[in-house]
Structure formats: C-alpha cells, structure tokens
Asker: 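To start, I am sharing the structure in question, which I have written as structure tokens.
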There are 2 protein chains.
Amino acid sequence: MAEDQLSVLFAALADPTRRAILARLAEGEATVNELAEPFEISLQAISRHLKVLERAGLISRGKDAQYRPCRLEAEPLGTASAWLDQYRAYWEDRFDRLAAHLERLQKGSG
Amino acid sequence: MAEDQLSVLFAALADPTRRAILARLAEGEATVNELAEPFEISLQAISRHLKVLERAGLISRGKDAQYRPCRLEAEPLGTASAWLDQYRAYWEDRFDRLAAHLERLQKGSG
DNA sequence: ATATTGTTCAACCAATTCGTTGAGTACAGG
DNA sequence: CCTGTACTCAACGAATTGGTTGAACAATAT
C-alpha cells in the first residue's frame, strides 16, 4: 500500500534514472525521446519512469502533435523539503546538544 | 540495483512506518519494542524496518543488556535536503518566471 | 538449570518494481 | 492510402519489498 503523497514522492525520487530525468527537465521541457536519449534502457522503460514521476506530481505533460513534452513540476519537492525541515535541528551542529539533551530528559523522565 | 546513497535514503523515507519511527526517535532513543508498540505489525517487521533505516544511515543502534536502543542519525536528511535545494528555485514562486524563461530560451535555442 | 524478555534470522508468500519485447495508437507527410 | 515517427499498453520475468510465522540467541530473573 503506502499511497500517501510523501511515500509516492520519496519512492519516485529513490531511482537515479528518475532523478536524472528531473535534472534534465530543470533545464527545460523535453519530449520522451529527448529524455530517453542519454540512457541505455528502452524507450518504454523511460515512459514508465515518466508515469511514476507524473503520479508523484513531479512532471506534467503536454501534447504537441505526436510529441508529449514533459515539464518539471517542482512543488512536491517543496513538500519534501518542508517535511525534512522538521528534522533540520537534528542535523545542524548547533542543535546536536539540544537533541542529546531532549533525549536524556525523556529517558530519565524527571 | 540503485545502491547509491541518495537512492537508499529516499527509498528508506518512502515508507510511512519508517517515517513514523523517525518521528518517534526525534523525541529520543527507544528500544525496538518501544518503537514497535504503536504499530499493528509484528516485531520482526519493525526489526526489518530498522535495518533499512540503519542501512540508510538514519539510525544507529546501541547495546544495553538485551536492549538495542535506537538513535536518530539525521545527517542523511541534511544530504537529502541539500539535494532538494538544487530545485528550490523551481518551487519558490519568485522563480517560476525564471524557470519558464530558461525553458523557452533552450527550446528556441537562440 | 530454566524460564522470560528482547531481538534477530530464515523461510515463505503476495505484491510491486524495473527491465524486456511485441503489438498497438496517433499524428505528419509523400 | 501508406509509411515513418512518437509514444503507450500488455505480457512477461527476475529482483526487491513488506508482511507473516517459527526458530534461534543473548541477557536477566528465578
């Protein structure tokens, strides 16, 4: 299962081919063939990666004759970033002490 | 395949149970049993989720008698956040126009 | 010694994922 | 109309995932 937005999103980002596609789209729209060109895998495989990205809301697709230009839709990345920000204090050095402190507090419970 | 750091990391974050475990650990160390308590799934399933989180570098585990206290290790979240920051310009409104502009630039190629 | 508690390992199953190939569908142009 | 180009759908296989149960093992308590 796991159909929530964040799960679908992170799952989409968990594949290096898909991340490479996003990087390419950051430079501008591209057709499926253009996106497939740098990879060794079949066009069909790319087509399915695009479907995953679309389901995650990370791309949208247009229709221009027989072309299906893809466009980056970055909002979900903002959502992911916001989620990660919950933990920012835990990875930024200045808060390491705070985290350790909170930990000890709740362990000793008094 | 896909054994790179980022892929393993995002894959670890793609499961809601694992994200819930991280949220719990943000409040402090916890044993496997403590972590399992809120969930309906077996202890073994939790144990495997912890293994995934550990492989992603998101937790570390201690040894206290028969207990294996887990601790949040947030640095990888910082890595993920840094990766996302590449795209920040694309989801922040003030840059939407820039993105669209870049797109048009490269399409027209002149 | 034995039992109990905390945790992991191993085998298994169902569902999903990521690739393949082969067969469509949709549009453009001679 | 027929061909070529762009793309998607469907069927398939191998690998992975996320759950299960049953058996281990380690440390504590009796």
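Remember, it's a predicted structure, so these values are computed and weren't measured experimentally.
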Asker: Please enumerate all residues that pass salt bridge (charged side-chain N to carboxylate O under 4.0 Å, His left out) together with R18(B), with sequence neighbours excluded.
Answerer: none
Asker: Go through the structure and list residues passing side-chain contact (heavy atoms from CB on, under 4.5 Å) with E75(A), not counting sequence neighbours.
Answerer: E73(A)
Asker: Rounded to the nearest Å, what distance is computed from the CG atom of residue L43(A) to the P atom of nucleotide dT5(D)?
Answerer: 13 Å
Asker: Would you tabulate the nitrogen or oxygen pairs shorter than 3.5 Å linking the protein to nucleotides 22-28 of chain C?
Answerer:
| unit_1 | atom_1 | unit_2 | atom_2 | d |
| --- | --- | --- | --- | --- |
| dG22(C) | O6 | Q44(A) | NE2 | 2.7 |

Asker: Should R48(A) be listed as having a side-chain N or O under 4.0 Å from OP1 or OP2 of dT21(C)?
Answerer: no
Asker: Measure from CD1 on I46(B) to C1' on dT21(D) and round the result to the nearest Å.
Answerer: 16 Å
Asker: In terms of the angle between their ring planes, are F10(A) and F10(B) parallel, tilted or perpendicular, with boundaries placed at 30° and 60°?
Answerer: parallel
Asker: Starting from C1' on dC18(C), measure out to CZ on R55(A) and report it in whole angstrom.
Answerer: 15 Å
Asker: Separation of E37(B) atom CD from dT5(C) atom P, in whole Å?
Answerer: 16 Å
Asker: Restricting to side chain to side chain donor-acceptor pair (under 3.5 Å), what partner residues turn up for R61(A), sequence neighbours left out?
Answerer: E54(A)
Asker: Between dC7(D) and N33(A), is there an OP1 or OP2 to side-chain N/O distance shorter than 4.0 Å?
Answerer: yes
Asker: Is there a side-chain polar atom (N or O) of R61(B) under 4.0 Å from OP1 or OP2 of dT7(C)?
Answerer: no
Asker: Calculate the interatomic distance between F39(B) atom CZ and dT7(C) atom C1'; express it in whole Å.
Answerer: 17 Å
Asker: R19(B): which residues meet the salt bridge (charged side-chain N to carboxylate O under 4.0 Å, His left out) condition with it, sequence neighbours left out?
Answerer: D4(A)
Asker: Can you name the side-chain contact (heavy atoms from CB on, under 4.5 Å) partners of T17(B), sequence neighbours left out?
Answerer: D15(B), I21(B), F39(B), I41(B), I46(B), H49(B)
Asker: Report yes if a side-chain nitrogen or oxygen of S42(A) is closer than 4.0 Å to either non-bridging phosphate oxygen (OP1 or OP2) of dG19(C); otherwise report no.
Answerer: no
Asker: Using a cut-off of strictly less than 4.0 Å, decide whether H49(B) has a side-chain nitrogen or oxygen near OP1 or OP2 of dT17(D).
Answerer: no
